[in-house]
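For reference, the structure is listed below as structure tokens.
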Number of protein chains: 2
Amino acid sequence: MRATILAVARDRFRREGYEAVTMRSLAADAGVDAALISYYFGSKRGLFAAVLELTLNPADVLASLLEGELESLPQRAIRALVAGWDRPETGLPLLTAVRAAAADPALATLLRGGLQREMVDRLADRLGGADARHRAGAFVGQLGGLVFTRYLLAVEPLASMTADEIVRTLGPALRTTLFGPVRRAATGNDHARGPASA
Amino acid sequence: MRATILAVARDRFRREGYEAVTMRSLAADAGVDAALISYYFGSKRGLFAAVLELTLNPADVLASLLEGELESLPQRAIRALVAGWDRPETGLPLLTAVRAAAADPALATLLRGGLQREMVDRLADRLGGADARHRAGAFVGQLGGLVFTRYLLAVEPLASMTADEIVRTLGPALRTTLFGPVRRAATGNDHARGPASA
DNA sequence: TACGGTAGTTCAACCGTGATGAATTCTTCG
DNA sequence: CGAAGAATTCATCACGGTTGAACTACCGTA
């Protein structure tokens, strides 16, 4: 039954968010008494955390991003992020996760740890140099800003810009964060315009 | 009594957050029956919204930022933001506001509207040019990222960087967002290093 | 085969939450 | 004074997560 509860919970959490899903209704959905959830997961939050650990494993996406050439990381990162968050199947769970983390310090700690370990530290290693960690932090912070304003708050115009437009407006800034304001040796696509468009 | 309730609520919300403050305890604090809160504000959320409107008026800060010269806006914006959010008296209420907005769509709408009207639109006007609105959106998004990662999640290293360090690492990126990757005509402090430091 | 223990599962109840509607007091003004 | 209406309280509701006791099912062992 444990697995059933977990599966049902995953589905409903991602669809309806944390607060909207009640333990009783969840139990009913899984054909089980509500107390059983507490028995297995300790609390509603425990259940949610279990669902998170099950769902939240985009570490491999990150890895593949860092394997590519550093010069194009900004565009690739933006594209991957937007792709992941725009698709409801993957975006909704991420969104509810972040929402919950914003409200619950314990979950925030979980998310924070993940971000530091899987993103900041790795990127800093890859970057190297004196203030690598600072630059990596700023990079992650800027991507976090995208999540925050575009997906969590849906502030215009960011909320309805296309991936290309975001790459065009935010890409250069990310590049500056990684490599500094000075243009590197010309690489040929210095302007990093997205694929053909007006 | 309305004013008393509002005052007590403001204090406790900023200190303990939205969920932790219960209507009964709040009523007791204000020397009033809990039902009176509903009578005046309709609901707990209504009360919170009232508190928000009372508290959240940093529109003037924004205005003064936009009045200064555009070239130095990035540094000044970062400094103002960090100053406001680092001081507990002003930072805590902002934080609980954002937290609540992350959880509650209605409050998110409120915040979103404010950000668009008071920040994006104004900045876009000041910037001018073809994609002014896009650049303004990205600018606000990057500042939002600072709020999100440094204050909401407290991701390192951003969480413990000094204002100077943030200006150094994030400033150039913001400048790129506003003016593009090409350096403008030399202004004398091209590197925008913060005040004397290592 | 009977026994005992342990994991799985349900049941009933607890307590705290926000909300509501009727009942009461307090003001105010004709 | 005496209504009218606002302000305030009281009692109560429905619903949330959680808990402890009870019941069941299984599995190894004497």
Side-chain angles (χ1 to χ4, degrees), chain A residues 1-55 93 96-97 99-110, chain B residues 1-55 93 96-97 99-110:
Chain A
M1 282 295 105
R2 214 191 108 106
T4 309
I5 294 174
L6 215 43
V8 172
R10 203 179 65 142
D11 249 40
R12 298 209 38 201
F13 274 142
R14 76 173 50 181
R15 228 184 290 279
E16 308 167 33
Y18 181 74
E19 307 225 343
V21 172
T22 166
M23 295 191 70
R24 283 171 161 81
S25 83
L26 195 61
D29 251 26
V32 143
D33 186 278
L36 196 60
I37 299 179
S38 294
Y39 175 72
Y40 277 129
F41 303 96
S43 64
K44 185 183 182 184
R45 185 156 45 191
L47 171 63
F48 190 79
V51 167
L52 269 204
E53 265 181 77
L54 188 67
T55 304
T96 64
R99 282 221 170 91
D104 185 330
L107 295 175
T109 300
L110 210 77
Chain B
M1 283 295 104
R2 211 191 113 105
T4 309
I5 295 174
L6 215 44
V8 172
R10 204 179 64 142
D11 249 39
R12 300 207 40 200
F13 274 142
R14 75 171 53 179
R15 230 184 287 279
E16 310 167 30
Y18 180 74
E19 309 224 343
V21 172
T22 165
M23 296 190 70
R24 292 197 212 302
S25 82
L26 197 61
D29 250 28
V32 143
D33 187 278
L36 196 60
I37 299 179
S38 295
Y39 174 73
Y40 277 129
F41 303 96
S43 65
K44 186 184 180 183
R45 188 156 45 194
L47 170 62
F48 189 80
V51 168
L52 269 204
E53 265 180 78
L54 187 67
T55 304
T96 65
R99 281 221 170 91
D104 186 329
L107 295 175
T109 301
L110 210 76

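Just so it is clear: chains get the letters A, B, ... in the order the sequence lines come, proteins before strands, and each one is counted from 1. Values in this document were obtained by computation on a predicted structure and should not be read as measured data.
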Closest to the B:Ala35 side chain: D:dT18, C:dT10, D:dT9?
-> D:dT9
Between A:Arg24 (CZ) and C:dC11 (P), how many Å, whole number?
-> 13 Å
Taking the side chain of B:Lys44 as heavy atoms from C-beta outward, which of D:dG16, C:dT9, C:dG18 is closest to it?
-> C:dG18
According to a strict under-4.0 Å criterion, is A:Ser38 in side-chain N/O contact with OP1 or OP2 of D:dT19?
-> no
How are the rings of A:Phe48 and A:Tyr18 set to each other: parallel, tilted or perpendicular (split at 30° and 60°)?
-> perpendicular
Which part of the nucleic acid, if any, lies within contact of B:Arg2, taking any heavy atom under 4.0 Å across all strands shown: a base, the sugar-phosphate backbone alone, or nothing?
-> nothing
Side chain of A:Tyr39 - closest among D:dT19, C:dT9, D:dA7 = C:dT9
Write down the distance between CE (B:Met1) and P (C:dC26), rounded to a whole number of angstrom.
-> 14 Å
side-chain N/O A:Thr22 vs D:dG17 OP1/OP2, d < 4.0 Å = yes
Nucleotide of D:dT9, C:dG18, C:dT10 approaching B:Asp33 most closely (side-chain heavy atoms) | D:dT9
Using a cut-off of less than 4.0 Å, is there contact between a side-chain N or O of A:Ser43 and OP1 or OP2 of D:dG17?
-> no
Decide yes or no for B:Val8 and B:Val32: does some side-chain heavy atom of the first lie under 4.5 Å from some side-chain heavy atom of the second?
-> no
Return the value, rounded to whole Å, for the distance between atom CG of A:Leu26 and atom P of D:dC15.
-> 18 Å
For the residue pair B:Phe41 and B:Leu6, establish whether any side-chain heavy-atom pair is separated by less than 4.5 Å.
-> yes
Main-chain N/O of B:Val21 paired to B:Ser25 side chain as donor or acceptor, under 3.5 Å | no
Heavy-atom side-chain contact between B:Ser38 and B:Met23 under 4.5 Å = yes
Mind calculating the distance between CG (A:Leu47) and P (D:dT18) to the nearest angstrom?
-> 10 Å
Distance in angstrom units between A:Met23 CE and C:dC14 P, rounded = 20 Å
For the side chain of A:Leu36, counting heavy atoms from C-beta on, which of C:dT10, C:dG18, D:dT19 is nearest?
-> C:dT10
Measure the distance from CD1 on B:Ile37 to P on C:dT20 and round it to the nearest whole Å.
-> 14 Å
Name the nucleic acid region contacted by B:Tyr40, choosing base, sugar-phosphate or nothing; use a 4.0 angstrom heavy-atom cut-off, strictly under.
-> sugar-phosphate
Atom CZ of B:Arg45 to atom P of C:dT17: distance rounded to whole Å?
-> 18 Å
